[in-house]
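Down below is the structure, laid out as structure tokens.
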Amino acid sequence: MDQVLKEKLGRAQTIVLMGHVRPDGDCVGSVLALYLYLKKNEPSKNVTVCLEKPLEKFKYLSGFSEIVSDADAVQHPDLAIALDVSDKGRLGGFTALFDRAADQLNIDHHITNPHFAATTICDPSASSTCELLYTLLDAERIDAEIAAALYTGIVTDSGVFKYSSTSPRTMNIAADLIAKGIPFGEIIDGSFYRKTYVQNKIMGLALLNAVENADGTVIYAIISAEEQARMETVHADLDGISEQLRLTVGVKCAVLCSEMEPGSWKLSLRSLEPIDVAAIAMMYGGGGHVRAAGCTIVGKRPEEIMEEVVRAAEAQMHV
Ligand code: 5GP
Ligand code: MN
């Protein structure tokens, strides 16, 4: 096991594992993988997963039903370990819990991570927090349940092994995980491709709303709160739409601009070379990765935001 992780765990008895708001597959996968690992290999420790309730689609993961969404469930943890948390704000309602822990560790892979925890292990070359976590654990102590959680995170954040963050190391780790006997096809469908009826419908609407700009190199779609309410979708139902927009022929930068609540617009950005969407998201206080980033903007009309984003993307293409 990684020395830093080992030392931190060695000094702690009561441990909380935490993730980010609206936990995705990498967040849920890394948190539950570490939870299952500690439960099996460090049974004397008192470990609690404190996390916003994840999407039901992840309920195939062992430990899912043991997730605690009450931020006051643990009062004085010896150690808080945040996983996949790219900046402090993404701890959401669990920030106070993180702050009152005697010791803190953040395990993450976002290039924009400002190292807000007492100790940070951040490897931006890792496809996912799950890939990084695998390298910190003892491979022979990873069983099929832990492997399924790690595989879920790698699949999620690598876009099923296709984003530029996917490396030979990613594939070697995935091979090791498959060798543990996991249902990898079902995990890929369940965590990534399968959609509900309304998810397919809202994607259809977004694709109808899409507008091409800058000679077809930038595409965006705006979805209002009213449209989401009409289709009875929740925000997570929009996952995958920006990625589908990015797959449009000729597009280098794709943006889904969705109204989270009246007047609050969430951008989900995806790009191809040479566009750095993390830089665009950071103009609005957001962040993420070079090819996948996000932010939330209040106080501007969506058309105005999109004009700015198109200009920023065009400027990057012309340098
Ligand atoms: P998505 O478009 O799927 O919501 O997010 C894409 C990537 O951008 C994710 O890796 C996520 O961590 C990051 N991201 C999304 N929204 C925000 C945000 O508001 N702030 C920061 N720092 N990163 C974000
Ligand atoms: Mn991640």
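Side chains are part of it too, since the values below use all heavy atoms of this structure and drop only hydrogens, waters and symmetry mates. Whatever order the structure lists ligands and atoms in, that order sets their numbers, starting from 1. Residues: numbered from 1 along the sequence shown.
- For atom 7 (C) of ligand 1, the nearest non-hydrogen atom of the protein is Ala292 O, 3.5 Å.
- Protein heavy atom at the shortest distance from atom 11 (C) of ligand 1 is Arg90 NH2, 4.0 Å.
- Under the 4.0 Å criterion applied to side-chain N and carboxylate O atoms, Lys39 and Glu66 are assigned as salt-bridge partners.
- Atoms OD1 of Asp84 and OD2 of Asp26, as seen from the Mn ion (ligand 2), are separated by an angle of 90°, to the nearest 10°.
- Proximity of the aromatic rings of Tyr35 and Phe64 is defined here by a centroid distance below 6.0 angstrom, and this criterion is not met.
- When all heavy atoms of Ile111 and Gly288 are compared, the closest pair comes out as CG2-O, 3.9 Å.
- Using a 4.0 Å cut-off between charged nitrogen and carboxylate oxygen, Arg194 and Glu186 count as a salt-bridge pair.
- Less than 4.0 angstrom separates some heavy atom of Lys266 from each of these atoms of ligand 1: 4 (O), 15 (C), 16 (N).
- Taking 4.0 Å as the cut-off between side-chain N and carboxylate O, Glu52 and Arg22 do not count as a salt-bridged pair.
- Checked for salt-bridge contact, Asp78 and Lys8 miss the test: no charged N lies under 4.0 Å from a carboxylate O.
- In this structure, atom 12 (O) of ligand 1 lies nearest to the protein heavy atom His110 NE2, 3.3 Å.
- Scanning the protein heavy atoms around atom 18 (C) of ligand 1, the nearest turns out to be Gly294 O, 3.4 Å.
- Counting heavy atoms under 4.0 Å from ligand 1, residue His289 touches it through the side chain alone.
- Ion pairing between Lys40 and Asp143 holds under the 4.0 Å rule for side-chain N and carboxylate O.
- Remark: minimum distance from atom 3 (O) of ligand 1 to any protein heavy atom is reached at Arg270 NH2, 2.9 Å.
- Judged by distance alone, the side chain of Asn113 and the main-chain N or O of Val85 form a donor-acceptor pair under 3.5 Å.
- Relative to atom 21 (C) of ligand 1, the option among Ser268, Ala278, Ala236, Gly287 with the closest non-hydrogen atom is Gly287.
- Side-chain atoms of Tyr151 and Ser191 form no donor-acceptor pair, as typed in the model, at a separation below 3.5 Å.
- Those atoms of ligand 1 with a heavy atom of Gly288 less than 4.0 angstrom away are 8 (O), 13 (C), 23 (N).
- Rounding to 10 degrees, one finds that the Mn ion (ligand 2) sits at the corner of an angle of 80° between Asp157 OD2 and His109 NE2.
- Near Asp87, meaning under 4.0 Å from any of its heavy atoms, are these atoms of ligand 1: 21 (C), 22 (N).
- Of the protein's non-hydrogen atoms, Cys295 CA, 3.7 Å is the one closest to atom 19 (O) of ligand 1.
- Heavy-atom contacts of Gly286 reach the following atoms of ligand 1: 20 (N), 21 (C), 22 (N) (cutoff under 4.0 Å).
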